[in-house]
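For reference, the structure is listed below as structure tokens.
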Protein chains: 4
Amino acid sequence: MAANRPTTASMTRKERAEDTRRRLIETAIDQFSRNHYDDVAVSDIAKTAGVAHGLLFHYFQTKRGIYLEAMRQAARELDLAATISAGLPPGRALRGLFRTHLEHVAERRGLALRLILGGRGTDPEAWELFEADRWKSITWLCTLLGFDPDNQALRLALRAAVGLIDEMTVYWLEHEQEFGVDAIVEEAVHAIRNGLASAARLDPALDVEPAREVLAQG
Amino acid sequence: MAANRPTTASMTRKERAEDTRRRLIETAIDQFSRNHYDDVAVSDIAKTAGVAHGLLFHYFQTKRGIYLEAMRQAARELDLAATISAGLPPGRALRGLFRTHLEHVAERRGLALRLILGGRGTDPEAWELFEADRWKSITWLCTLLGFDPDNQALRLALRAAVGLIDEMTVYWLEHEQEFGVDAIVEEAVHAIRNGLASAARLDPALDVEPAREVLAQG
Amino acid sequence: MAANRPTTASMTRKERAEDTRRRLIETAIDQFSRNHYDDVAVSDIAKTAGVAHGLLFHYFQTKRGIYLEAMRQAARELDLAATISAGLPPGRALRGLFRTHLEHVAERRGLALRLILGGRGTDPEAWELFEADRWKSITWLCTLLGFDPDNQALRLALRAAVGLIDEMTVYWLEHEQEFGVDAIVEEAVHAIRNGLASAARLDPALDVEPAREVLAQG
Amino acid sequence: MAANRPTTASMTRKERAEDTRRRLIETAIDQFSRNHYDDVAVSDIAKTAGVAHGLLFHYFQTKRGIYLEAMRQAARELDLAATISAGLPPGRALRGLFRTHLEHVAERRGLALRLILGGRGTDPEAWELFEADRWKSITWLCTLLGFDPDNQALRLALRAAVGLIDEMTVYWLEHEQEFGVDAIVEEAVHAIRNGLASAARLDPALDVEPAREVLAQG
DNA sequence: TATGAATGAGGATTCATTCAT
DNA sequence: TATGAATGAATCCTCATTCAT
């Protein structure tokens, strides 16, 4: 689990401190993606990280402190929107984004299943962290396709489509990838396109056909 | 909170016991749908139910015992499939089922948001209880439409469609029902129909068009 | 475990009550010889005896109540002195008494190992019950041999001899009776005879030789 | 109760910790030799030791943990064999050993009466601790006298002799030492010598006379 | 006599957090 | 920065005992 890093001996005091902090967060992410907040003991995190109990409080003040820090770090790692590559045609960009996302998620299975796809069941504040990323992606997509990101019908339909994609991802992860990544990516695009159609039904003022056309081409 | 019931005086000993038990479960459902397992204290449940601390253990042995009992009861209350009315044409039946479900869910908002739609984040064993209901519904639908409920592509696509519906329901609940129930029901049916199409893309051996047609008519 | 008794149906009300009581005590002896007082739950006794929880209190008022009643019953069952047969020559009587004791003890292994031979570790009040039996036997023996049962040296030496016999019994019970009962009985008699000698050394006023002679003949 | 120790102020942090630990064990021995395991409350131990409730668990994890640690410490303190002085003639060595043992036991009356001489009635695991010491002494004695310590007859007879000695010790302790230590020591030696004779009767292959002779001289 | 629901005190254990070194 | 001893509140669970039926 621990990557090979320079030995303790070869580090300056500051580097060692930085390293300790990193190790704590790393361990925290690991524990919190396995267990619920209340089922994780700070003393366990410290012990596993090989660090004195009290030091954890020196760095993060409180249990909730290290928890949120860990969540922030996890969100950063799995941030969909962070990988958006500008300049590509929308269909291409979206497909690339989904593929990258699936790869990330497959790598960090436990983390993803519990934190990202785990649903609202977890801590609300933490959920917001990940939910914010989702909305960032939705907003980005709306803008890309020339829609008003505040349109209620669009928001409902696209958020629901993301729900579909999340659930599909879970099924895919849990069934040892019986389906190829390409097929899943394609279904994700379909989900978005169907979402646009759904939005148009809920709000007839929307003209979604051009956008659906554009996304069809990848 | 307490429903109107016959007064304590008018009950036999056994009826009073039954009532106490019911009251405990009721309270437990309430508490567990507000807070996470670890954040609920058994003593609180007992106190709220107006019952001695130890009695709870007399009935349920352990905290987890009453928790699971409460979850089972909640699942029973919100069981989609339980309301299936036989004999109707599929499209009609499905729409009726969705409508009933949405009404239930609107009534038991807190419970639904945390437990049913709350996701895998909560207790795995509890999640299974609700997940089982979902699969029961999916299986019922497959059978109704003449499909093999074990087909992997169908399973993935329909489970994903349910994910969409759940997320749509959450959005609908959280936005004070800006959209009419009818519109949501209609979108849910679309989600299922799109799911069938998705399944056919993943598994070309499937012939889904007739079923999609049938569902279009409500 | 439960002996064959007339069926419940064939009993009068009073007999049934008597039977219930007996069953409770029987169960209590069993449980208390397996576990320490605090580790036995009244509810367990009641459940095992197949009797309502509260009924136990009807009969015995308190946990300690049924405990002492059970101990008394156990003491009665294993009372050494109870089997004393008058009229025999001392050596013969003593040997018969030891043999009977060993047989009893072998039959009620669990009970004996924990309660009788278990030592002072158990409840003092219960220990007294069994200790009293021991002193009764010692007194009987002194009288039989014409000694003053209050002589301190005799008391110390004979009580110590009983300690030897008890420990020998434990060893014998735990080693599947590698040694024949006859040999053990003979060693027990030796222990008593050595006890007399020991008493004489501690209190030179005692003349024990005649008694030692008498006991040698069996 | 508390021995004279350097004041708190004069200690390093580590020394103070060590001291706290010691104080906890000391208190535990005290409590457990007065009351049965279940009748001792951890919170009482902590309070008496003047230490926070939770600290006890920091050191010993569980109630049973501190209990066994206390028993081990008690066993160490009263270990007969630990005081064996090599090089002396057997009779002399044995007598010295008995005298030391009696002195120890008289000092730690409560502890001895309940734990060491208390018998099998207490916790089996704890009993084993003390029983092991007894067998160590018996083995030492066998070796000293040139016997095979695995001989069954010897084992039975010597273990029984130890039973005699224990019971004699109890009587002696409870009767305010009416008999002098020397007399008791001498009787203990007699018990061992009689044990050897007993073994020879049970196993005629044993030649115990020389050893009995040797022990006679002290 | 018999039942088992109801009570509430008591006790082990966990754990976040503080703090002296 | 780093350590781990110390604190005490919080919580689950057990169990003897009572009592209405």
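Below, chains carry the letters A, B, ... as their sequence lines are ordered, and counting in each starts from 1.
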- Query: Between Y59(C) and dT1(E), is there a side-chain N or O to OP1/OP2 distance below 4.0 Å?
  - Reply: no
- Item | CG-CG distance between L68(A) and L129(A), expressed to the nearest 0.5 angstrom | 7.0 Å
- Query: OH of Y67(C) versus P of dA16(F): gap in Å, rounded?
  - Reply: 14 Å
- Query: Expressed in angstrom and rounded to an integer, what is the separation of D39(C) atom CG from dG11(E) atom P?
  - Reply: 15 Å
- Item | Interatomic distance, K47(B) NZ vs dA6(E) P [rounded to whole Å] | 19 Å
- Note on the structure: Its dot-bracket string being built from Watson-Crick and G-U pairs below 3.5 Å, with | for another strand and [ ] for crossing, DNA chain F has the pattern .||||||||||||||||||||
- Item | Interatomic distance where CD belongs to E15(A) and P belongs to dT1(F) [whole Å] | 15 Å
- Choose from dA16(F), dA6(E), dT17(F) the nucleotide whose nearest atom is closest to any side-chain atom of L55(B). dA6(E)
- To the nearest 0.5 angstrom, please state how far the CZ atom of R114(D) sits from the CG atom of N35(D). 7.0 Å
- Residue-phosphate contact under 4.0 Å: T62(B) side-chain N/O, dC12(F) OP1/OP2: no
- Message: Rounding to an integer number of Å, can you tell me how far L56(B) CG sits from dC12(F) P?
- Response: 10 Å
- Note on the structure: Between A41(D) and G50(B), whichever has its closest DNA chain E nucleotide further toward 5' is G50(B)
- Query: 5'-most contact on DNA chain E: H53(A) or A52(B), nearest heavy atom basis?
  - Reply: A52(B)
- Within the structure, does a side-chain N or O atom of H58(B) lie under 4.0 Å from either OP1 or OP2 of dA5(E)? yes
- Roughly how far apart are R21(D) CZ and F60(D) CZ, rounded to 0.5 Å? 4.5 Å
- Query: Does Q61(B) or G54(C) map to a spot on DNA chain F nearer the 5' end, using the closest nucleotide for each?
  - Reply: Q61(B)
- Task: State whether T20(A) places a side-chain N or O below 4.0 Å from either non-bridging phosphate oxygen (OP1 or OP2) of dA2(F).
- Result: yes
- Message: Between R23(C) and E26(C), does any side-chain N to carboxylate O distance fall below 4.0 Å?
- Response: no
- Taking NZ from K63(B) and P from dT14(F), how many angstroms apart are they, rounded to a whole number? 14 Å
- Query: Taking side chain as C-beta onward, heavy atoms only, is F32(C) less than 4.5 Å from L115(C)?
  - Reply: no
- Applying side chain to side chain contact (heavy atoms under 4.5 Å, CB included) to S43(A) and not counting sequence neighbours gives A41(A), H53(A)
- Message: Nearest whole Å is fine: how far is dT7(E) P from F57(C) CZ?
- Response: 17 Å
- Does the side chain of R76(B) come under 3.5 Å of the side chain of Q73(B) through a donor N or O and an acceptor N or O? yes
- Task: In whole angstrom, give the distance that lies between atom CZ of R21(C) and atom C1' of dA2(E).
- Result: 16 Å
